[in-house]
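Structure, as structure tokens:
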Amino acid sequence: MTSNSSFQDFGEAIFELEHSEEMKEALLQGKELGSFTKKVGNDVKKELNFTIQDYVLEEKNLKQVNQQIESCEGMLETMAQLLNGFQHDLGNVSVEIDELQRASISMNQSLKNRKQLTGELDQFIKQIVLDPQFIVDLCEGDINESWQKLLRILNRKIQACEFLSTQPHTQNTFSIKYMSSILEKLKWKAICRVREFLLYRVLSLRKPKTNVQIIQQSVLIKYKHSSQFLVEFAPKYALEIKNVYVETLNAIFLHYIKAYSTSLSKLQIDIATKYDLIGMQDSSFSQIRRKTFGGGNSGVFSLTVSDGKTERSSLLDNLQEAPAIVPHIAQEKGQKYPYEFLFRSLNHMFLDTVSSEYLFSREFFEGLDPSLIIHGIFANIIVFLIVSELSLVMMRFSLMFFSFESELELYLSNCYDVLGLYIMMTVNYHNRMKMKKRRITHLHSYLERVDSLICDRFKVVFQMNVDSVKQTLASSLSATDTRPHYVRRIYQFFIT
């Protein structure tokens, strides 16, 4: 690199010499090159001396520059050492970062595991641990709506403890075994208290003048969780409560139905007898005239009752919204009704009572079959309806129903009100549709049987009217009456 640089400088010097004005002038004027060379040499010496003098003058500065250069070199060397140290340290830092990163991942995983474990332990503790005050309130506190919340909490803890006792990681733990024994004791304590409480509440329904449905909806339904607790953990006691309830309600509703039916029977108007057919013999002619046309009566086949206040067709016009008859109010007003009105009122109350009781039993005794409850409550009532009305019959739940069938047939054999039977068929059809809409099928067989009995009797009575016309002899009819023939007039009412 040094020799190449010297040749380059020499070439540049020759190039400058070739283009020097003095050199050109000396060559053009023919001067001697020796003197010119000497002159140039002297100039060079002068310049050299000047340069040396400049260097000598700048000696101190050059020394300082040299010292500064040496100092800079030392500093650069130190910096190089520092940088090498830094580089080595950075290498160590990189290794440490990798180690810290691995440690951070490990710590994050440990933290995650600890959080998960903490959450599971917290949930585990909440599921099985019992507050001492909770135990005191459950065992000694008053049974009210707030106590029902304690019962639900106990239920959840029992279920949680049973579940945890089946899990591999908790089934053999001391805490589960200990809490299972504690919860078992609390469960039976709660069962005993609930049994006594519900028995007291159910038996309190037997008090005179107790409105059962109001007590059911405002009091008993609030304790449905207690009943469901017994169904789940003590089915034997739940059945005991159910049986007492069924026995109690059976007696109460039977009393209500008897009282209501007795009161209704005092409002009944007798419409027809076996003599009230379209065609009758001479021996019955005077009776048919008195009943059908005498004293302002409208007749067996008229839509207006003899009192002139009751339209038999009005029952069909307002089946949906017509209220049941209130006997004492009707007695105060002196009102009387054909049997189909009483039939409709008694069945209306009966069907509404069954519907209400079914809905209540299904909610309060959840877990038990409501059909058995309805059957137990209303079996004797059905018997009473068969005996008292003798126009209603349900499907037979037991052999005791057979003894009443002859009485039912006896009553039907004495029923001759064809219009009333037709209205009763319509009422019964409406009752069937109403229960179907309510999706309560427990009275389906009863309503079908009632429909069958009424239809059969209607056919019989209708045929008796037809046969009575056929059997009437023209020679036996009275010739003193100048009005249209009474058979024609009765038939006009009949077809209307």
Side-chain angles (χ1 to χ4, degrees), residues 202-203 205-217 243-268 315 319 322-331 337-361 370-398 400-405 407-408 410-412 424 427-428 430-432 434-435 438 440 442-451 453-454:
V202 171
L203 292 174
L205 296 175
R206 299 182 180 183
K207 295 179 180 179
K209 299 182 180 180
T210 299
N211 192 318
V212 174
Q213 292 186 349
I214 291 180
I215 297 298
Q216 286 176 336
Q217 299 302 324
N243 292 335
V244 174
Y245 176 81
V246 167
E247 180 183 352
T248 300
L249 268 292
N250 175 264
I252 292 173
F253 287 147
L254 181 59
H255 173 73
Y256 288 167
I257 292 290
K258 282 183 177 180
Y260 188 64
S261 178
T262 302
S263 300
L264 288 179
S265 65
K266 299 176 182 179
L267 305 176
Q268 182 178 350
L315 181 63
L319 275 178
I325 297 173
V326 182
H328 69 275
I329 295 179
Q331 287 178 353
Y337 299 93
Y339 181 74
E340 61 268 18
F341 282 78
L342 311 183
F343 172 85
R344 188 262 174 187
S345 290
L346 189 59
N347 276 270
H348 176 75
M349 187 191 75
F350 178 61
L351 297 183
D352 285 352
T353 301
V354 172
S355 301
S356 175
E357 188 57 36
Y358 171 76
L359 296 175
F360 173 79
S361 298
S371 301
L372 298 177
I373 299 175
I374 296 300
H375 163 254
I377 293 175
F378 295 101
N380 291 340
I381 297 175
I382 294 165
V383 174
F384 171 74
L385 290 174
I386 295 173
V387 177
S388 63
E389 294 187 2
L390 295 179
S391 63
L392 304 179
V393 97
M394 282 185 88
M395 72 178 211
R396 297 174 180 81
F397 295 103
S398 63
M400 61 182 177
F401 285 84
F402 287 107
S403 61
F404 301 104
E405 191 160 335
E407 297 185 51
L408 174 63
L410 177 62
Y411 172 80
L412 292 178
M424 287 166 62
V427 171
N428 192 65
H430 169 74
N431 290 338
R432 290 165 58 191
K434 179 168 65 174
M435 298 306 286
R438 293 176 180 178
I440 300 176
H442 301 80
L443 297 180
H444 176 73
S445 297
Y446 159 69
L447 295 172
E448 288 287 340
R449 180 62 175 160
V450 169
D451 188 64
L453 289 171
I454 297 175

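In what follows, every heavy atom counts, from backbone to side chain, and hydrogens, waters and symmetry copies are set aside.
Under the 4.5 Å side-chain criterion, counting only non-hydrogen atoms from C-beta, Y339 is in contact with M424. Taking the side chain as every heavy atom from C-beta outward, L319 and R344 approach each other to under 4.5 Å. Here the side chains of Y260 and V326 are not in contact, with every heavy-atom distance at 4.5 Å or above. When side chains are defined from C-beta on, M349 does not count as touching V354, because their heavy atoms never get closer than 4.5 Å. The side-chain heavy atoms of L315 and E340, taken from C-beta on, include a pair separated by under 4.5 Å.
With sequence neighbours excluded, the residues forming a side-chain contact (heavy atoms from CB on, under 4.5 Å) with A330 are L267, I325, Q335, Y337, listed by chain and number. For L359, the side-chain contact (heavy atoms from CB on, under 4.5 Å) partners two or more places apart in sequence, or in a different chain, are R362. With sequence neighbours left out, V244 forms a side-chain contact (heavy atoms from CB on, under 4.5 Å) with L199, V202, L203, R206, T248.
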Q.
Run the side-chain contact (heavy atoms from CB on, under 4.5 Å) test on F343 and I454 for me, step by step, so that the C-alpha distance in whole Å, both residues' side-chain angles and the decisive distance to 0.1 Å come before the verdict.
A. CA-CA 12 Å; F343 172 85; I454 297 175; 4.1 Å; yes

(Q) Apply side-chain contact (heavy atoms from CB on, under 4.5 Å) to residues K434 and H348 and explain how you reach the verdict. (A) CA-CA 10 Å; K434 179 168 65 174; H348 176 75; 3.5 Å; yes

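Between the CD atom in Q216 and the OH atom in Y245 there is a gap of 4.0 Å [rounded to 0.5 Å]. Atom-to-atom distance recorded for K266:NZ and S261:OG is 11.0 Å, nearest 0.5 angstrom. Atom OG1 of residue T353 and atom OH of residue Y256 lie 10.0 Å apart, to the nearest 0.5 angstrom. Atom-to-atom distance recorded for L342:CG and N347:CG is 11.0 Å, nearest 0.5 angstrom. In this structure, NZ on K258 lies 13.5 Å from OG on S263, to the nearest 0.5 angstrom. If you take CG on N243 and CG on N250, they are separated by 12.0 Å, rounding to the nearest 0.5 Å.
Checking Q213 against E357 by side-chain atom types alone, no donor-acceptor pair falls below 3.5 Å.
Of the possible polar contacts, one joining the T210 side chain to the K207 backbone as a donor-acceptor pair under 3.5 Å is found.
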